[in-house]
Amino acid sequence: MSYKAGIVSAITELKDRTGSSSIAIKKHMQANLPADKKWLNGMFLNALKKAVADGDLVQIKSSYKLSPDYKKKAAAALKPKKAAPKKKAAPKKKKAAPKKKSAPKKKAAPKKKVASKKKTATKKKTTTKKKTA
């Protein structure tokens, strides 16, 4: 795992509303560090600075949060995997669509008739009010 990937995973797992401090990120990464890998603090600090410069992280005082742009990229990376099943479901939706088209036509006609009855009824009420007044 690269330092940048470790930083991103630490921020997402810590879930601090105001952002995660560099010390908290470091402790989380060191706890999850593989036994065969040696901790290099210089690499960690450079990865933090580079992520801020690239726009992947936003620095707020001494805390770091994932930027909205990076969150969109991460969400977009997950969506293509889910898009494949939707393509298979699309033909089923096309078959169901013609049935739905015929039903609204039937429903639309009675609504128009009801609307016209209401309009005439309201006109009669207004005319009777004028006569009494």
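Values below: every heavy atom of this structure, side chains too, minus hydrogens, waters and symmetry copies.
- Residue I7 holds its CD1 atom at 6.5 Å from CD1 of I25, rounded to the nearest 0.5 Å.
- Following chains of ILVMFWY side-chain contacts shorter than 4.5 Å, one can reach L48 starting from Y3, so the two form part of one hydrophobic cluster.
- Under 4.0 Å is where a charged nitrogen must lie from a carboxylate oxygen, and between D54 and K50 at least one such pair does.
- The distance from the OH atom of Y64 to the OG atom of S21 is 9.5 Å, given to the nearest 0.5 Å.
- Atom NZ of K37 sits in a crowded spot, with more than 12 heavy atoms from other residues, nucleotides or ligands closer than 6.0 Å.
- Figure legend: K4 and Y70 shown without cation-pi pairing, the cationic atom not lying both under 6.0 angstrom from the six-membered ring centre and within 45 degrees of its axis.
- Atom-to-atom distance recorded for M29:CE and W39:CH2 is 4.0 Å, nearest 0.5 angstrom.
- Remark: side-chain polar atoms of Q59 are paired, donor with acceptor, to backbone N or O of K61 under 3.5 angstrom.
- Between K65 and L57, the closest side-chain pair of non-hydrogen atoms is not below 4.5 Å.
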Please output the side-chain donor-acceptor pairs of residues 12-19 that fall under 3.5 Å, not counting sequence neighbours, one pair per line with the distance.
{"unit_1": "T12", "atom_1": "OG1", "unit_2": "V8", "atom_2": "O", "d": "3.1"}
{"unit_1": "T12", "atom_1": "OG1", "unit_2": "S9", "atom_2": "O", "d": "2.9"}
{"unit_1": "E13", "atom_1": "OE1", "unit_2": "H28", "atom_2": "NE2", "d": "2.8"}

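- In this structure, NZ on K73 lies 7.0 Å from OG on S67, to the nearest 0.5 angstrom.
- Between atom CD1 of residue I23 and atom OG of residue S62 there is a gap of 7.5 Å, rounded to the nearest 0.5 Å.
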